[in-house]
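Within every chain, numbering begins at 1; the chains are lettered A, B, ... in the order of the sequence lines, protein sequences first and strands thereafter.
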Amino acid sequence: MAIKSMADQQNDGAPEPLKGAGDTGEAHQKERFTRRLTQDAGPRSMRPMRIATFNINGVKARLPRLQEWLADDPADLVCLQEIKSVDDNFPRAAFEDAGWHVATHGQKGFNGVAMLSRRPLDDVMTGLPGDDTDTQARYMEATLGGVRVASIYLPNGNPVGTEKFDYKLAWMRRLTARAKELLATERPVVLSGDFNVIPAPEDAHDPAAWADDALYQPESRAAFRALVHLGFTDAIRLVQPHGPAYTFWDYQRGAWQQDHGIRIDHHLLSPQAADRFVDARVDRAPRGQEKASDHTPVIVTLADG
DNA sequence: ATGGTGGTATCACCA
């Protein structure tokens, strides 16, 4: 299917029934989606699939806000990063009681990824292949409705010039190798997560302020481009080709209040996933709440296969 | 010039 027709792009607002991703107004998006859900009374597998990525910066600290957000039915699959919990301490029951299937890949204290799904997850794989000595919990994959999805917490890499930056770049090479394998399946693949990379100057309020940061190093950005150029599509840029679409605001210096953000949380779509693209958006609401994570969710919607 | 986590300080580490 076409990603976005010219007619949609030139449509100045009048909502048409069951249109694609043309109108970007929030009210129109909600109305359109509600219409799809209520009128498309087919089996669940025939409905659009919404995938969210959300670095929650500690699942226990964020639990009440996360539960409220989930209660609004924001997505069918939620990829979490920085759960900062071992698997046994993950508040699994809090989600399962609300109807979510839970898969986790945690470690003590730091890092950790998880997936919450409305439907059972198939073929869960934990850990990024390519280095058996790497014990950091930053990667998992699962299949949902024929789509292979990864929840990614790419290393931060600061400070530059240390083994931490070397680890980041080596991890990105391993991710790229895994991504090649996934592309070779020629199935829909979505790489979702906190990539800890600011892809371009327009992805930071003040790029100069990030000049010495691992998230904005030429090597980091080049490695991200090399990954994307394997054949992936940066989902949010299908809806908004240019300009700020921040997903992270530092806790310090009133960054949120002044919208001094960066865009580091991404959904990368394989060609087969991009063919199903319907919509992508940043949900800024969670970042404005009390006890918020420093990240906010990004949600991509794919049509049924 | 903030916040989460963990271990057990007058804090270290990660982001």
Using the side-chain heavy atoms of Lys60(A), tell me which of these nucleotides is nearest: dT5(B), dA15(B), dA1(B).
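Of all the options, the side chain of Lys60(A) is nearest to dT5(B).
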Looking at dG4(B), I'd like to know if its phosphate oxygens (OP1 or OP2) sit under 4.0 Å from a side-chain N or O belonging to Arg62(A).
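So the side-chain polar atoms of Arg62(A) do come within 4.0 Å of the phosphate oxygens OP1 or OP2 of dG4(B), strictly under.
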Interatomic distance at P, dC13(B) relative to dT8(B), whole Å:
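After rounding to an integer number of Å, I get 13 Å for this pair.
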Holding to side chain to side chain donor-acceptor pair (under 3.5 Å), I want the full list of residues that pass it with [X], two or more places apart in sequence or in another chain.
X         : answer
Arg174(A) : Asp134(A)
Ser117(A) : none
Ser293(A) : none
Arg237(A) : Asp203(A)

Holding to salt bridge (Lys or Arg N to Asp or Glu O under 4.0 Å), I want the full list of residues that pass it with Arg148(A), two or more places apart in sequence or in another chain.
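So Arg148(A) forms a salt bridge (Lys or Arg N to Asp or Glu O under 4.0 Å) with Glu141(A).
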Which pairs of donor and acceptor atoms, one on a side chain in residues 180-190 of chain A, lie under 3.5 Å apart (sequence neighbours left out)?
from: Glu181(A); atom 1: OE1; to: Arg178(A); atom 2: NH1; distance (Å): 2.7
from: Thr185(A); atom 1: OG1; to: Leu182(A); atom 2: O; distance (Å): 2.5
from: Thr185(A); atom 1: OG1; to: Arg187(A); atom 2: N; distance (Å): 3.3

Non-neighbouring partners of Phe195(A) that pass ring pair (Phe, Tyr, Trp, His ring centres under 6.0 Å), sequence neighbours left out
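Only Phe224(A), His266(A) meet the ring pair (Phe, Tyr, Trp, His ring centres under 6.0 Å) criterion with Phe195(A).
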Applying ring pair (Phe, Tyr, Trp, His ring centres under 6.0 Å), name anything that partners Trp210(A), two or more places apart in sequence or on another chain.
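Trp210(A) satisfies ring pair (Phe, Tyr, Trp, His ring centres under 6.0 Å) with no other residue.
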Give, ordered by number, those residues of residues 159-172 of chain A having at least one heavy-atom distance below 4.0 Å to an atom of DNA chain B; if nothing qualifies, reply none.
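Nucleic-acid contacts, sorted: Lys164(A).
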Within residues 212-225 of chain A, find the residues that approach DNA chain B with a heavy atom at under 4.0 Å, and present them sorted by residue number.
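Nothing qualifies; none.
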For a quick test of your reading: what N or O donor-acceptor pairs under 3.5 Å do the side chains of residues 79-86 of chain A make, sequence neighbours left out?
from: Gln81(A); atom 1: OE1; to: Thr53(A); atom 2: OG1; distance (Å): 3.3
from: Gln81(A); atom 1: OE1; to: Asn55(A); atom 2: N; distance (Å): 3.3
from: Gln81(A); atom 1: NE2; to: Thr53(A); atom 2: OG1; distance (Å): 3.0
from: Gln81(A); atom 1: NE2; to: Cys79(A); atom 2: O; distance (Å): 3.4
from: Gln81(A); atom 1: NE2; to: Ser151(A); atom 2: OG; distance (Å): 3.3
from: Glu82(A); atom 1: OE1; to: Asn55(A); atom 2: ND2; distance (Å): 3.0
from: Glu82(A); atom 1: OE1; to: Tyr153(A); atom 2: OH; distance (Å): 3.4
from: Glu82(A); atom 1: OE2; to: Tyr153(A); atom 2: OH; distance (Å): 3.4
from: Lys84(A); atom 1: NZ; to: Asn57(A); atom 2: OD1; distance (Å): 2.8
from: Ser85(A); atom 1: OG; to: Phe90(A); atom 2: N; distance (Å): 3.3

For DNA chain B, which ranges pair as stems of 3 or more consecutive Watson-Crick or G-U pairs, with both donor-acceptor distances under 3.5 Å?
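Stems found: B:2-6 with B:11-15.
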